[in-house]
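To keep things clear, I will list the structure first and then write my remarks on it.
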Amino acid sequence: MPELPEVETVRAGLAAHVVGRTIETARVLHPRAVRRDPAGPAGFEAAMAGRLLEGAERRGKYMWLAAGNGEALLAHLGMSGQMLVGDPDRSLSPHVRVRFTFADGGPDLRFTDQRTFGHLMLVQLRAPEGASGVSPLSTPRPRGTRANREPLGGPVIVADARTPVEVASDPAPRLLPVPIAHIAPDPLERDFDAAQFSARLRRRHTGIKRALLDQSLISGIGNIYADEALWRARLHWDQPTDTLEAAEVSRLLAAVTGVLTEALMVGGTSFDSLYVNVNGQSGYFERSLEAYGRAGQPCSRCGTPIRRDSFMNRSSYSCPSCQPANLSRRVFE
DNA sequence: CGTCCTACCTGGAGGC
DNA sequence: TGCCTCCAGGTAGGAC
């Protein structure tokens with residue numbers, strides 16, 4: 001399942017293989033793939049033709065390709081989405097949902113998605129309201145209609161991943177796709193504010209895993225890396241967020257960052273392959289998972305069999321010994 | 001408003 | 001062998 005490390009690997013592959021190229025045609029082979037685009041399949045195809053792709057960016061599990069006019073092609077891989085770049089003459093798999101060809105006649109780009117939870121849409125880019133401090137939740141979400149896709153009146157600022165990040169005291173505002181204004185910064189981006197995350201987390205009245213999966217609080221984490229990070233931090237998935245101490249949140253955040261970074265290093269080994277195939281099935285799965293999917297197998301720290309619990313209509317894996325469920329551990333610490 | 005629940009979707013695995 | 005049910009889970013949107 002594509003979470004932050006897999007999506008980042010795909011983004012890097014797109015930066016290497018399609019940024020700087022001009023789309024010739026876009027063909028929507030399954031309308032569900034563009035269901036969130038108000039222009040519909042025909043409108044999407046027409047709007048994408050002739051676009052120069054200017055940069056590849058990402059926040060959490062969303063990525064986007066700046067495409068001129070202050071707009072971008074926004075993509076979410078859902079459960080099974082892939083971005084495949086390759087010989088335009090190769091056979092078309094039955095799960096290709098959208099196909100882009102390029103004016104240079106080179107490799108094409110295919111959005112492939114067996115289970116169709118993923119989607120593409122053409123969106124407007126906008127500087128987030130309140131450069132810092134303001135919750136993304138307070139940002140209104142204008143609809144991405146054709147009408148407000150007109151070019152901006154002022155100079156158009158183009159988001160471009162190739163542009164070096166400015167560390168100046170007056171950094172240029174980062175442009176974000178309007179439909180993902182509610183998505184919080186992910187722990188690997190420069191804007192991520194650990195203190196603000198900690199404060200918001202501890203104000204919540206819910207379980208820690210539910211909070212980790214809430215993309216409006218912290219983005220990029222899915223079921224797999226949530227379990228892995230909780231295992232590392234020795235925290236139970238249902239520990240109430242309002243009982244967490246600041247030190248525990250710091251430990252958790254370090255675990256999250258560590259897991260995501262290490263997974264990214266493994267998943268990113270085939271960046272420069274022409275065939276950009278990252279669907280979460282990379283080597284990291286086979287070798288490095290400590291909790292996820294390991295029900296009944298011994299915890300690598302203490303040997304206790306990993307336990308599987310049902311949670312949010314899915315599974316949660318944890319070590320019953322290292323990650324005790326009740327709060328009594330506090331008394332004995 | 002904060003929190004929680006479910007529909008959406010398909011193919012592989014396992015039961016009988 | 002074939003049919004059935006379960007399972008995987010990110011997100012939007014609605015319920016409460």
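On a predicted model such as this, the values are computed, not experimentally measured, just so you know. Below, chains carry the letters A, B, ... as their sequence lines are ordered, and counting in each starts from 1.
- In this structure, the helix from B:dG2-C:dC16 to B:dC16-C:dG2 shows an angle of 50° between the axis at its start and the axis at its end, each fitted on 5 base pairs and rounded to 10°.
- Geometrically, A:Arg301 engages A:Trp231 in a cation-pi contact defined by less than 6.0 Å to the ring centre and at most 45° from the axis.
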Scan nucleotides 14-16 of chain C against the protein and return all N/O pairs shorter than 3.5 Å with their distances rounded to 0.1 Å.
none

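- You'll find the side chain of A:Glu8 stays beyond 4.5 Å of the side chain of A:Met63, heavy atoms only.
- Checked against side-chain hydrogen bond (donor to acceptor under 3.5 Å, both in side chains), A:Thr25 has the following partners two or more places apart in sequence or in another chain: A:Thr101.
- Comparing A:Arg97 and A:Met312 by the nucleotide of DNA chain B that holds the closest heavy atom to each, the one mapping nearer the 5' end is A:Met312.
- The side chain of A:Glu3 approaches C:dG10 more closely than any other nucleotide in the set C:dA12, C:dG10, B:dC5.
- For C:dA8, the OP1/OP2 oxygens have a side-chain nitrogen or oxygen of A:Ser315 closer than 4.0 Å.
- Residue-to-nucleotide proximity on DNA chain B shows that, of A:Arg203 and A:Arg314, the 5′-proximal contact is made by A:Arg203.
- Of the candidates C:dG9, B:dC9, C:dA12, the closest approach to any side-chain atom of A:Arg32 belongs to B:dC9.
- OP1 or OP2 of C:dT11 lies within a sub-4.0 Å distance of a side-chain N or O belonging to A:Gln215.
- Not a single ring-ring contact (aromatic ring centres under 6.0 Å, His included) links A:Phe102 to another residue, sequence neighbours left out.
- Remark: A:Arg308 is in phosphate contact with C:dA8, judged by side-chain N or O atoms under 4.0 Å from OP1 or OP2.
- Residues that satisfy the ring-ring contact (aromatic ring centres under 6.0 Å, His included) test with A:Tyr317, not counting sequence neighbours, are A:Tyr292.
- Not a single donor-acceptor contact under 3.5 angstrom links the side-chain atoms of A:Arg115 to the base of C:dG10.
- When the nucleotides B:dG11, C:dG10, B:dT3 are ranked by their closest atom to the side chain of A:Leu213, C:dG10 comes out on top.
- At C:dG10, none of the side-chain N or O atoms of A:His119 fall inside 4.0 Å of OP1 or OP2 (strictly under the cut-off).
- Applying the salt bridge (charged side-chain N to carboxylate O under 4.0 Å, His left out) rule to A:Arg307 yields the partners A:Asp309; only residues at least two apart in sequence or on another chain are considered.
- An OP1 or OP2 oxygen of C:dG9 is reached within less than 4.0 angstrom by a side-chain nitrogen or oxygen of A:Tyr292.
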